[in-house]
Structure formats: C-alpha cells, structure tokens
Peer 1: 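Before we start, here is the structure in question, set down as structure tokens.
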Number of protein chains: 2
Amino acid sequence: MNSTESVSRPRGRPRRFDAEQGVATAQHLFHARGYDAVSIADVTEALGINPPSFYAAFGSKAGLYARVLDRYSATDALPFADLLRPDRPVAECLAALLEMAARQYVADPAATGCLVVEGTRCNDLEAREAARSLQAGAEVVIRTYIAARHPQEAQRVADFVGTAMAGLSAKARNGFEPDRLLAIARMAGRALMQELSGKTA
Amino acid sequence: MNSTESVSRPRGRPRRFDAEQGVATAQHLFHARGYDAVSIADVTEALGINPPSFYAAFGSKAGLYARVLDRYSATDALPFADLLRPDRPVAECLAALLEMAARQYVADPAATGCLVVEGTRCNDLEAREAARSLQAGAEVVIRTYIAARHPQEAQRVADFVGTAMAGLSAKARNGFEPDRLLAIARMAGRALMQELSGKTA
DNA sequence: CGCTTTCTGTACTATTCACTACAAAATACC
DNA sequence: GGTATTTTGTAGTGAATAGTACAGAAAGCG
C-alpha cells in the first residue's frame with residue numbers, strides 16, 4: 001500500500017490540515033471530556049481551523065464521532081482476537097480481558113474509561129447509537145467466544161463481563177487509582193473462574 | 001407533627017405551587033433523562049410555573065438537584081440499614097443488596113439506573129460533586145459494614161460492590177431487561193460468597 | 001491564460017441555555 | 001383601609017450551541 005504518498009491530488013484548493021490527525025485530536029477530546037461536553041468550537045480550536053472547514057471535512061459533530069469510533073476500534077480498542085484464545089480456558093482469557101481493560105481505562109489519567117462504553121450514555125441520539133452498535137458488536141464477540149465451550153452459561157457470563165467493563169469504566173472516570181481498579185478486575189476474574197469451572201478446560 | 005396544616009402563613013403573596021411536589025416532579029425528570037439533559041425550561045414547564053418562581057423557590061438548577069438528591073436518599077435509595085444486617089453473613093447481605101439494586105434500577109422503565117450513580121457523571125461540577133458526596137457516603141457505609149467482620153478484604157470487596165452497582169446502573173440505562181440484570185447481580189453475589197467464605201460466618 | 005473545483009476566513013443565522021429586572025398582584029399585619 | 005412583604009407574569013439578559021452563506025483564494029486541467 002502507499003503509506004503517505006497520494007497518487008493524484010484532488011482538483012481544488014488543498015486542505016490546510018490533515019483529516020486523520022484531526023480525528024486523532026478529536027478522539028483525545030471526546031475521550032477526555034465525553035461527547036456532550038465537547039463543542040464544535042472546542043474541536044475547531046484544537047485543530048486550528050474554522051467551522052466551514054470542519055463541516056466540509058466531517059459533516060457534523062456526530063459524523064466526526066463516527067470516524068473517532070472507527071479509529072478507536074482500529075488502534076486503541078482491547079485486542080479481543082488476541083486475548084480470547086481457543087487454546088486456553090475461557091475463564092482465564094476473560095479474566096485477562098478484564099485486567100487489561102482495568103489497566104487501559106486508567107492508562108491515560110486525562111482520558112479515563114472506555115470511549116465506547118461512555119459514548120453509549122451521551123445525550124445525542126446519533127452518537128449514542130453509533131457507540132451502542134460498536135459495543136453490541138464487542139459483546140457478540142465475547143458471547144460467541146464463551147458459547148463455543150460453555151453454551152449454557154454464555155449469555156449470563158457475557159453479560160457479567162460487559163457489566164464489569166461498564167463498572168470499571170465508570171469507576172475509572174470517578175478517579176480510581178490503577179491498583180484499586182485492578183484489584184476489582186481480578187476479583188471479577190475469580191468470579192468467572194468459579195462460574196465456568198468443571199465444565200470444560 | 002402537623003401533616004398538611006401550616007400553623008401560620010407567611011406574610012406576602014402565597015406561592016402558587018408546592019415546592020415539595022416540585023422536587024418530586026424534578027426527581028422524575030432528572031432520573032429519566034439525566035441532569036444534563038434536563039433544562040430549566042423543562043422543569044418550569046413540568047411544574048407549570050415561570051422562571052422567576054423557580055429561582056425564588058430553588059435558587060438554581062444545581063440547588064434543585066441537591067434537594068432532589070435529599071429526597072431520593074430519604075425515600076427511594078436502597079435501604080442499607082435494613083439490608084446490611086449484623087446477624088447474617090456479610091456476603092449474603094451484600095448479595096441481597098446487589099439483587100435489590102438490580103430490581104430497583106429497572107423498576108420504572110422510564111427512569112432506569114441509579115439517580116446518584118448517574119449523577120456522578122454529569123457535566124456540571126456542582127451537581128456532580130453533590131452526587132459524588134452522596135455516593136461516597138454510601139460506599140463508606142458498605143466498607144464499614146464489611147470491615148467489622150472482614151477487615152482485610154473490606155476495601156477490595158466494597159470496591160467490587162460499588163463497581164457492580166455502577167455496572168448494573170449502566171446496563172439498566174442501556175435497556176437491559178429485569179431478568180437479565182438480575183442474573184448478573186446474582187452472579188456478582190456468588191463472587192462475594194466465594195471471596196468472603198471461610199473467614200467468618 | 002481561463003475555467004472548474006475545492007477549500008478557507010469572515011461573518012453570520014436561529015436556537016437554546018441558565019438566569020433576572022421590573023412592576024403588578026396577592027396576601028398578612030396594623 | 002393602608003402598608004409591608006412575598007410571589008407572580010412578562011419580557012427580557014448575555015452567552016453558548018450547532019450549523020451556514022458567501023465571496024475569495026488556491027490548486028488542477030485544458
């Protein structure tokens with residue numbers, strides 16, 4: 001693939017800023033303050049552009065948020081595929097997922113919690129639905145992974161994992177320290193071990 | 001006590017509405033939509049009054065919210081004192097607390113989740129601090145209750161309970177059905193039993 | 001060069017936000 | 001009745017919101 005080289009520039013006046021970098025900057029803003037608390041003026045100021053340039057590039061606030069969510073799932077989301085391994089006990093992998101979530105949710109003190117989980121609770125319908133759709137996809141992945149070896153418990157255990165992640169994200173945003181959050185995640189992990197013990201290795 | 005009879009009416013023009021009932025109506029609004037999504041105009045319209053009457057009675061939006069939180073803890077909050085019994089196993093009582101939380105968080109489909117937990121994440125500093133203060137008080141009650149018989153595990157287990165409640169509130173607001181939420185709470189309750197087993201009855 | 005296309009900056013729109021100035025109304029006290 | 005006191009309705013305040021109209025600038029294409 002061509003990494004930075006564009007084959008043929010478009011016709012008109014060139015854009016003064018890089019849209020991808022704008023999405024990255026916006027991601028930090030949304031993650032730090034939440035969707036509702038970020039205004040278009042905040043974004044245009046951070047990008048050093050004016051409103052018309054913003055709307056030409058992203059269409060709307062929700063449109064920008066959709067691109068932010070895409071970027072988040074591509075670069076910052078939890079690596080489900082790596083964590084949920086078929087060659088390891090299900091509970092062990094889910095526990096590792098929760099631990100990694102706890103670590104990631106406080107990795108950047110200026111942008112705590114999960115961008116997607118927090119996005120599902122914003123006050124804008126379009127942005128909320130976009131975040132919920134992404135969250136629903138992740139929960140399907142988790143439930144399907146569990147169901148392969150624990151079909152009976154899949155729904156309940158997947159719900160527990162999703163609720164634990166939501167709770168960890170909330171507590172991360174409430175200012176919990178990394179150690180404290182990790183201890184909670186480990187306790188939830190032990191609950192998973194107990195719940196799925198003795199059925200399949 | 002005098003229930004509805006006031007001994008001596010104040011001097012000036014009588015108020016056209018009942019402030020206590022206004023707080024109750026506002027509580028429903030805040031619980032249903034969240035603090036940020038409720039405007040003064042929403043409240044004045046719901047109470048059938050005009051802005052000056054509102055500000056004369058409640059001072060500000062955050063002032064009204066403080067009174068709503070007071071009313072919530074007095075009438076709708078979980079009955080910690082009844083649930084956390086000294087004559088029953090700690091884990092059993094905490095599990096009952098989580099089950100009751102799950103039930104209450106979806107009891108009214110138009111006002112899901114916990115008013116306090118959700119309030120800790122709003123975008124207004126004053127309202128957020130008020131909700132956090134109330135939440136902190138509840139978590140002290142829980143930790144103190146655990147510490148009486150399980151001092152070593154008190155902090156970690158209390159954090160787990162608080163995180164579970166935050167997660168349950170989040171999932172309630174995400175539209176989970178009562179049965180599903182209850183199953184999650186029961187699983188968290190089993191985790192508590194496991195964590196506190198064998199130390200004290 | 002001249003034309004088309006795209007973006008940019010200036011300056012706006014209309015709406016909503018929390019909150020208030022002010023004078024009239026409605027009561028208690030004398 | 002007269003006066004003091006408090007609440008009321010009308011009609012605003014200034015600030016912030018998301019989003020735009022428009023004309024000019026900057027590029028590619030012929």
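Just so we're on the same page: letters track the sequence lines, and every chain starts at 1. Everything quoted here is computed from the prediction, not taken from an experiment.
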Peer 1: Measure up the A:F17 and A:F58 rings against each other and bin them: parallel (under 30°), tilted (30 to 60°), perpendicular (over 60°).
Peer 2: tilted
Peer 1: So, applying side-chain contact (heavy atoms from CB on, under 4.5 Å) with B:L83, which one of B:L97, B:I142, B:L98 is it?
Peer 2: B:L97
Peer 1: Do B:S53 and B:N50 have side-chain atoms, one donor and one acceptor, less than 3.5 Å apart?
Peer 2: no
Peer 1: Scan residues 105-117 of chain A for pairs that pass salt bridge (Lys or Arg N to Asp or Glu O under 4.0 Å), counting only residues two or more places apart or in two chains.
Peer 2: none
Peer 1: Under the salt bridge (Lys or Arg N to Asp or Glu O under 4.0 Å) definition, can you give me all pairs with a residue in residues 15-29 of chain A, not counting sequence neighbours?
Peer 2: A:E20-A:R67
Peer 1: Taking only heavy atoms on the protein side, list every residue of residues 11-45 of chain A lying under 4.0 Å from any atom of DNA chain D, sorted numerically.
Peer 2: A:R11, A:G12, A:R13, A:P14, A:V38, A:S39, A:I40
Peer 1: Where along residues 48-60 of chain B does a heavy atom come under 4.0 Å from DNA chain D, residue by residue in number order?
Peer 2: B:N50, B:P52, B:S53
Peer 1: Whole-Å distance between C:dT16 P and A:N123 CG?
Peer 2: 16 Å
Peer 1: Both conditions, 6.0 Å and 45 degrees, for the charged tip of B:K61 above the ring of B:Y35: are they met here?
Peer 2: yes
Peer 1: With a strict under 4.0 Å distance from non-hydrogen atoms of chain B, what nucleotide opens and what nucleotide closes the contacted stretch of DNA chain D, reading 5' to 3'?
Peer 2: D:dA4 to D:dT10
Peer 1: Would you indicate whether B:E177, at its atom CD, is surrounded by more than 12 heavy atoms from other residues, nucleotides or ligands within a distance under 6.0 Å?
Peer 2: no
Peer 1: Just grab all the salt bridge (Lys or Arg N to Asp or Glu O under 4.0 Å) pairs involving residues 123-147 of chain B, residues at least two apart or on different chains.
Peer 2: A:K171-B:E139
Peer 1: If you measure from the Lys or Arg side-chain nitrogens to the Asp or Glu carboxylate oxygens, is any gap between A:R156 and A:E195 under 4.0 Å?
Peer 2: yes
Peer 1: Please lay out, stage by stage, how A:Q27 and A:D76 fare under the test side chain to side chain donor-acceptor pair (under 3.5 Å).
Peer 2: CA-CA 10 Å; A:Q27 178 180 333; A:D76 292 278; 2.9 Å; yes
